[in-house]
Amino acid sequence: MLIIKQLVEQWVQQAVVQLQSEGVLPAKTSDVKFPDIVIEATKDESHGDFATNFALAACKLAKLPPRQLAEKL
């Protein structure tokens, strides 16, 4: 399970880089407080195996509602 969790984290990181290159998210700078990408096991198995709150934490940076940012991720 640890390997899969690490893969999911890498995929989210790649998606963030892609969104930065598209201008959806700003580049990481000392002026921009960028949230960490944290992958956790879901509390309810019907919601999948893993979850992250990155979209909620980064929605203000993207100037998008959290759900819209999550869909882009």
Side-chain angles (χ1 to χ4, degrees):
M1 214 48 159
L2 179 61
I3 293 171
I4 295 171
K5 182 178 175 181
Q6 290 170 336
L7 282 173
V8 171
E9 185 174 349
Q10 286 176 358
W11 293 332
V12 174
Q13 288 173 344
Q14 289 171 350
V16 167
V17 169
Q18 179 66 34
L19 291 176
Q20 287 172 320
S21 72
E22 294 172 4
V24 175
L25 286 170
K28 293 179 184 179
T29 65
S30 59
D31 297 340
V32 176
K33 183 170 175 152
F34 223 82
D36 291 330
I37 297 171
V38 179
I39 307 296
E40 299 176 322
T42 58
K43 294 178 176 92
D44 183 346
E45 287 185 12
S46 69
H47 295 158
D49 295 320
F50 298 104
T52 182
N53 72 340
F54 182 81
L56 183 62
C59 65
K60 287 185 181 181
L61 291 174
K63 298 178 181 152
L64 293 172
R67 184 173 183 95
Q68 213 172 8
L69 181 56
E71 289 170 357
K72 289 182 180 292
L73 282 169

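On a predicted model such as this, the values are computed, not experimentally measured, just so you know.
Results of the side chain to side chain contact (heavy atoms under 4.5 Å, CB included) test with Glu9 over Val38, Thr52, Ile37 single out Ile37 as the only residue that passes.
Distance check: Leu61 CG to Leu69 CG gives 9.0 Å after rounding to the nearest 0.5 Å. To the nearest 0.5 Å, atoms CD (Gln6) and CD (Gln13) are separated by 10.5 Å.
Qualifying side-chain contact (heavy atoms from CB on, under 4.5 Å) partners for Lys28, counting only residues two or more places apart in sequence or in other chains: Gln20, Phe34. In this structure, the side chain to side chain donor-acceptor pair (under 3.5 Å) partners of Glu22, at least two apart in sequence or on a different chain, are Gln18. With sequence neighbours excluded, no residue forms a side chain to side chain donor-acceptor pair (under 3.5 Å) with Thr29.
No chain of hydrophobic side-chain contacts below 4.5 Å, direct or via other Ile, Leu, Val, Met, Phe, Trp or Tyr residues, connects Ile39 to Val17. No chain of hydrophobic side-chain contacts below 4.5 Å, direct or via other Ile, Leu, Val, Met, Phe, Trp or Tyr residues, connects Leu56 to Phe50. Note: the hydrophobic cluster containing Leu73 also contains Val32 (ILVMFWY, side chain heavy atoms under 4.5 Å, direct or indirect links).
For the pair Glu71 and Arg67, the salt-bridge criterion is met [side-chain N within less than 4.0 Å of a carboxylate O].
Between Thr42 and Ala51, the closest heavy-atom pair is CG2-CB, 3.8 Å. The minimum heavy-atom distance between Ala55 and Pro66, with the atom names listed, is CB-O, 3.5 Å.
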